[in-house]
Amino acid sequence: MIVISGPSGAGKGTLISRVIPHFDDLAVSVSATTRNRRAGERDGIEYFFLSREEFVRRAEAGELLEWAVYGDNLYGTPALPVLAHLEAGRDVILEIELQGARQVMARKSDAMMVFIAPPSLGELEDRLRRRNTESEEAIESRMDHARDEMEELEHDALRESREFHYVIVNDDVDEATERLRSVIERIRENDPTR
Ligand code: 5GP
């Protein structure tokens with residue numbers, strides 16, 4: 001299991017979609033969320049879009065590997081598909097925010113943790129605005145969440161606690177893609193179960 005975390009807008013999704021074609025047997029987990037669908041998003045592909053009631057039911061039934069509150073919405077990883085991929089010998093990437101990443105660390109001590117950081121908070125805010133998918137209020141809430149995530153990184157709390165095995169700063173997207181590709185390669189080479 002490979003957990004890729006870091007603030008919204010740091011480029012996690014872009015980097016993942018760019019490295020996936022380089023690997024066989026590598027799946028990306030589809031999360032559940034209560035947020036509204038953006039234009040072009042398909043249910044069951046980008047996310048499973050659930051009502052809050054259904055999300056809470058699944059969380060309470062233990063069907064989620066981890067879940068977190070993010071802004072006004074809930075996000076979580078359905079456990080069964082992840083376990084099915086692992087049993088079939090496929091590595092699985094989870095693209096999730098920090099609270100969820102910590103829950104995975106606590107439950108799966110062999111999960112590999114990768115943090116994707118933006119070059120700066122100013123650049124992150126510019127990217128979120130350029131992406132043009134969020135309201136002003138949502139951008140501010142995402143920036144609050146990002147400030148918390150980056151503060152921990154800057155204070156070295158994440159590094160000192162050795163929570164993350166790799167930190168990649170997404171300054172230049174081609175370089176960051178190459179770094180993520182080589183990190184995943186290294187993770188897979190060192191995996192004793194492969
Ligand atoms: P977005 O609304 O931009 O798709 O996602 C908002 C944030 O939620 C991103 O940082 C994304 O990585 C995170 N996220 C997506 N799926 C999950 C999940 O299943 N669990 C957790 N904890 N975070 C998620």
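Every number for a ligand or one of its atoms is a count from 1 in the order of the listing.
The number of heavy-atom neighbours closer than 6.0 Å to CD of E137, taken from other residues, nucleotides and ligands shown, is 12 or below. With a 6.0 Å radius and a threshold of 12 heavy atoms from other residues, nucleotides or ligands, D72 has its CG atom at or below the threshold.
Residue R142 places a heavy atom under 4.0 Å from ligand 1. Residue contact check for ligand 1: R35 places a non-hydrogen atom closer than 4.0 Å to it. R38 counts as a contact of ligand 1, since one of its heavy atoms falls under 4.0 Å from the ligand. Not a single heavy atom of E149 lies less than 4.0 angstrom from ligand 1.
Numbered from 1 in the order shown, with element, the atoms of ligand 1 that lie under 4.0 Å from a heavy atom of K12 read 9 (C), 10 (O), 12 (O). The Y70 neighbourhood of ligand 1 comprises atoms 6 (C), 7 (C), with distances under 4.0 Å to a heavy atom of that residue. For ligand 1 and A68, the ligand atoms under 4.0 Å from any heavy atom of the residue are 22 (N). Atoms of ligand 1 lying under 4.0 Å from at least one heavy atom of R131, given by number and element, are 3 (O). Close contacts of ligand 1 with S31, meaning ligand atoms under 4.0 Å from a residue heavy atom, involve 16 (N), 17 (C), 18 (C), 19 (O).
Taking only nitrogen or oxygen atoms, main chain and side chain alike, E97 reaches within less than 3.5 Å of ligand 1. Taking distance alone, with nitrogen or oxygen atoms compared against 3.5 Å, Y47 approaches ligand 1 more closely than that limit. When only interatomic distances are considered, the shortest N/O to N/O separation between G76 and ligand 1 falls below 3.5 Å.
The nearest heavy-atom contact from the protein to atom 20 (N) of ligand 1 is E66 OE2, 2.7 Å. Of all protein heavy atoms, the one lying nearest to atom 11 (C) of ligand 1 is E95 OE2, 3.9 Å.
Ion pairing of R18 with D174 is present here, as a side-chain N (NZ or NE/NH1/NH2) and a carboxylate O approach within less than 4.0 Å. Salt-bridge annotation for E54 and R58: present, with a side-chain N of the basic residue lying under 4.0 Å from a carboxylate O of the acidic one. Salt bridge E46/R38: absent, no basic N to carboxylate O contact under 4.0 Å. At a threshold of 4.0 Å, the pair E125-R147 does not count as salt-bridged, since none of the basic side-chain nitrogens sits closer than that to a carboxylate oxygen. A salt bridge does not link K12 with E97: every distance from a Lys NZ or Arg NE/NH1/NH2 to an Asp or Glu carboxylate oxygen is 4.0 Å or more.
The hydrophobic clustering, which links ILVMFWY residues whose side-chain heavy atoms are closer than 4.5 Å, places V28 and I184 together.
In this structure a side-chain-to-backbone donor-acceptor pair under 3.5 Å is present from D43 to F49.
Side-chain atoms of R142 and S8 include a donor-acceptor pair closer than 3.5 Å.
In R102, neither the side chain nor the backbone holds a heavy atom less than 4.0 Å from any atom of ligand 1.
Of the candidates I116, T77, I4, I96, I96 brings a heavy atom nearest to atom 21 (C) of ligand 1.
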